[in-house]
There are 2 protein chains.
Amino acid sequence: MSLEDLGGKGRRAKTERVTGKSGADAKPTLKTIAELTGLAVTTVSRALADAPQIALDTRQRVRQVAADIGYLPDRAAQRLRTGRTNVISLVLDPHEEILGYATSMINGLTEALRGTAYHLVITPHFSDTPQIEPVRHIMRNRMADGIVFTRTEPMDERVKLLMENNFPFICHGRTELATAHPYVDYDNYGFAYQAAKKLIAAGASKLLIILPPERFTFAHHLRHGFMTAVREEGVGFEIAKGVTLDSKSDDIRDYLFRRMGEPDRPDGYICGGEVSALAVMASAYDHKLELDKDVRLVAKQTSGLFDQIRPRAETIYEDLTEAGLLMGKLLLKRIGGPVPIQELQVLQTV
Amino acid sequence: MSLEDLGGKGRRAKTERVTGKSGADAKPTLKTIAELTGLAVTTVSRALADAPQIALDTRQRVRQVAADIGYLPDRAAQRLRTGRTNVISLVLDPHEEILGYATSMINGLTEALRGTAYHLVITPHFSDTPQIEPVRHIMRNRMADGIVFTRTEPMDERVKLLMENNFPFICHGRTELATAHPYVDYDNYGFAYQAAKKLIAAGASKLLIILPPERFTFAHHLRHGFMTAVREEGVGFEIAKGVTLDSKSDDIRDYLFRRMGEPDRPDGYICGGEVSALAVMASAYDHKLELDKDVRLVAKQTSGLFDQIRPRAETIYEDLTEAGLLMGKLLLKRIGGPVPIQELQVLQTV
DNA sequence: AGCCTCACCTATATCGTTACAAATTTTCCG
DNA sequence: CGGAAAATTTGTAACGATATAGGTGAGGCT
């Protein structure tokens, strides 16, 4: 019994394709509807597209029949004919997949795509190929009608390429390119600024911030917000050296543990990510330093995680699901036709 | 400047389609190669498919030209003609997307699909529609060549439907159906059993386990492993009432906080998920109970998260990335043709 | 030479849809 | 009622790939 085989080639199980009369169970096509209504295939197509040239009652009749037999247009045929793919590609950077960063966005994106004809395809970008490759590939081979990607760089090649080719896209993060382009971003400047102010207000006198890798635009935003705050307040500060938010969590913790063991240890920590915030807490714990007394922490929260973490850390929330939802909506709008650029730019406030 | 509009309809920017001679930048098709080599389109197609009827040097020549001009087959055309979609659908239950459960699997799946012609499409299943709907839809409308889904139930309808229709799929979790079917599962029995044994060995005398919702098969496995261990050891035990691993994390914590405040509070906790494990730790903390002394905890770990959590909790690892990778590989194998069922069943050991 | 086989290549039809141009019917008006 | 205009509907040809059946020529055999 357990030796039975699964499957077989037998695609399209030999339905009687003798006459045009397709079996009741065969997949309904426009032709099926045409036969049922006595109309031409073209007419059916136009009727379903709600073309004004088709008489209203014809349209309704066709619509009814289509609904009755459960007609759904064949995506491959539509795609072949129109060039539209009905696909949105999310290009995922493996680094950002830690702790649900990607998941939140995917949730938002699927919510935006809900009820539309669009599908979400995950296109990973493997670290051994240049960042721009998947984007170029999707664009050149029309694998999707629109692209979503994240973690922009100041002179982001992907943005350049897509803008030059007028290809619909949206990215999470801004650039410093001369050309305006669509984006959804979080106010990381504001985050770092407010985080620093909070720490200082709570009594911290030497702040440390862990930044993302320098190549990302949001690293600059974070630094800038941080620097502005510490300069305004005239407190000591430093920027983590040798580790970034992308570093392995153990490396971050080791770094922090070392740094917290030194006499001039910072007493206020700003983390742009949840993993690094946990590393701060772990290091403090391992040094028997008390949170909110010996060391203070402000973390960026992107999930419900920190509600369960003790001792409670101060956090500032970034809503990535909302970001995903926005990106999806804006991208669909853009795909639908020309849109003034400022309607495609959203900055989520702190 | 900021008023410039983006985009426009202009799909297929009016390339000179006057002669058959397609412009150098136009998308190469089989026809392009046919013209370049002086062969017929059919021959080119067969040559690229490495058909033995085509002379070896012709095949090589075609291959060379194809590579030179960067030919890639049009997926829509292939799909229309062959019925094959080159798509794998991952049906995502929103509940499981907490804390990277989905992300890990997606990582594994994309790794399995790497280098193949397959794309990964995320198909969310919204909670207001029956669980089986997306699966039925994908199958009936041939939206994918194979389906991946998770969190099976003992009499899982999806499994039944797909098996009856001989449609390639793989699921994360087993069922109690009479028919053998493909799956990748984790030994949750073993997990709960070992977790209980560990707690007892460490001195716990009253164990509490938080289970997933009853309808999932793995809830039964966990309970069974748990019950076997506590009966073997003859210790007190209870199963969390009113909350499951799917409950809101705050609800889990509230429940645990209440329970820990009662005189007969359990002193050993087993959590099948990271969120609930954090809730245990938070509740203990809020009651000023010391971990590994007043209360003990064994959690299932599916990410690097717990390496950063203090105090260190005991965990047992479940590798979801590996599960995703396995599922991808098995599904591809199954799509390729008949495979003995036992080659499509994997149980990840504790 | 006549016929056959083998190795290789090609023509045609088709998947389901839609753009385009053309044909048909209906409506309207003098 | 004739005829033009408007309102509908229809036929044909693609989109790019592949399955199927058919064709061509070189060489061997009698």
Side-chain angles (χ1 to χ4, degrees), chain A residues 9-12 14-15 17-18 20 22 26-62 66 69-86 117 141-143, chain B residues 9-12 14-15 17-20 22 26-35 37-62 66 69-86 117 141-143:
Chain A
K9 314 298 213 174
R11 168 173 61 266
R12 206 171 280 278
K14 221 172 280 182
T15 45
R17 41 182 64 269
V18 189
S22 35
K27 191 189 169 201
T29 72
L30 286 182
K31 199 163 132 195
T32 320
I33 303 180
E35 281 165 7
L36 288 173
T37 55
L39 293 164
V41 172
T42 305
T43 311
V44 175
S45 173
R46 317 255 297 131
L48 288 173
D50 233 2
Q53 293 111 315
I54 305 295
L56 197 60
D57 63 333
T58 306
R59 276 186 257 169
Q60 284 168 346
R61 192 159 48 101
V62 169
I69 65 176
Y71 167 81
L72 274 184
D74 183 291
R75 304 182 74 106
Q78 279 184 319
R79 177 168 170 178
L80 176 60
R81 188 61 183 85
T82 65
R84 239 172 289 120
T85 62
N86 281 332
N141 297 100
R142 274 215 118 76
M143 306 303 296
Chain B
K9 314 297 212 174
R11 168 173 61 267
R12 206 171 281 278
K14 221 172 278 181
T15 45
R17 41 183 62 272
V18 188
T19 69
S22 34
K27 190 188 168 200
T29 71
L30 286 184
K31 200 164 132 197
T32 320
I33 303 181
E35 281 165 8
T37 55
L39 293 163
V41 172
T42 306
T43 310
V44 175
S45 174
R46 319 251 301 132
L48 288 174
D50 233 4
Q53 294 112 316
I54 306 295
L56 197 59
D57 62 336
T58 305
R59 276 186 257 168
Q60 284 167 347
R61 192 158 49 98
V62 169
I69 65 176
Y71 167 81
L72 274 183
D74 183 291
R75 304 183 74 107
Q78 277 185 321
R79 176 168 171 178
L80 176 59
R81 188 61 182 86
T82 64
R84 242 171 287 120
T85 63
N86 281 332
N141 298 100
R142 275 215 118 73
M143 305 302 296

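Protein chains get the first letters and strands the later ones, always in sequence-line order, with residue 1 at the start of each. Predicted, not measured: the structure shown is a model, and the values here were computed from it.
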For residues 38-50 of chain B, which side-chain N or O atoms pair as donor and acceptor with protein atoms under 3.5 Å away, sequence neighbours left out?
residue : atom : partner : partner atom : Å
B/R46   : NH2  : B/Q53   : OE1          : 2.8
B/D50   : OD1  : B/R59   : NH1          : 3.4
B/D50   : OD1  : B/R63   : NH2          : 3.2

* Between C/dT10, D/dG16, D/dT10, spot the one nearest the side chain of A/A40, thanks. => D/dT10
* Candidate nucleotides D/dG16, C/dT18, C/dT10, ranked by approach to the side chain of B/L80 - the nearest -> D/dG16
* Structure fact -> Here the gap from B/L80 atom CG to B/T82 atom OG1, rounded to the nearest 0.5 Å, amounts to 8.5 Å
* To do: Report the distance from atom CZ of B/R142 to atom OG1 of B/T85, rounding to the nearest 0.5 Å.
  => 8.0 Å
In whole angstrom, give the distance that lies between atom [atom1] of [X] and atom [atom2] of [N].
{"X": "B/Q78", "N": "D/dA19", "atom1": "CD", "atom2": "C1'", "value": "14 Å"}
{"X": "A/D74", "N": "D/dC15", "atom1": "CG", "atom2": "C1'", "value": "13 Å"}
{"X": "A/R79", "N": "D/dA17", "atom1": "CZ", "atom2": "P", "value": "12 Å"}
{"X": "A/Y71", "N": "C/dT17", "atom1": "OH", "atom2": "P", "value": "3 Å"}
{"X": "B/L39", "N": "C/dA7", "atom1": "CG", "atom2": "P", "value": "19 Å"}
{"X": "A/L30", "N": "C/dT18", "atom1": "CG", "atom2": "C1'", "value": "9 Å"}
{"X": "A/R75", "N": "C/dT18", "atom1": "CZ", "atom2": "P", "value": "12 Å"}

* Which is true for A/A77 with a 4.0 Å heavy-atom rule: it touches a base, it touches only sugar-phosphate, or it touches nothing? -> base
* Structure fact -> Taking every heavy atom of B/T32 against every heavy atom of B/T29, the minimum-distance pair comes out as OG1-N, 2.8 Å
* Return the residues of residues 41-60 of chain B meeting this criterion: a heavy atom under 4.0 Å from some atom of DNA chain C. Order them by number, or give none. => B/T42, B/T43, B/Q53, B/I54, B/A55, B/T58
* Say whether, by atom type as modelled, one donor and one acceptor occur between the side chain of A/T37 and the main chain of A/I33 under 3.5 angstrom. => yes
All N/O contacts under 3.5 Å from nucleotides 22-25 of chain C to the protein, with atom names and distances to one decimal?
none

* Structure fact -> As a check of understanding: the bend across the helix from C/dA1-D/dT30 to C/dG30-D/dC1, end axes from five pairs, rounded to 10 degrees, works out to 70°
Solution key, residues 69-79 of chain A side-chain donor-acceptor pairs under 3.5 Å, sequence neighbours excluded:
residue : atom : partner : partner atom : Å
A/D74   : OD1  : A/A76   : N            : 2.8
A/D74   : OD1  : A/A77   : N            : 2.8
A/D74   : OD2  : A/K27   : NZ           : 3.0
A/R75   : NH1  : A/A117  : O            : 3.3
A/R75   : NH1  : A/H119  : NE2          : 3.2
A/R75   : NH2  : A/N86   : O            : 3.3
A/R75   : NH2  : A/A117  : O            : 2.5

* **Presence of donor-acceptor pair under 3.5 Å, side chain of A/R81 and base of D/dA14** => yes
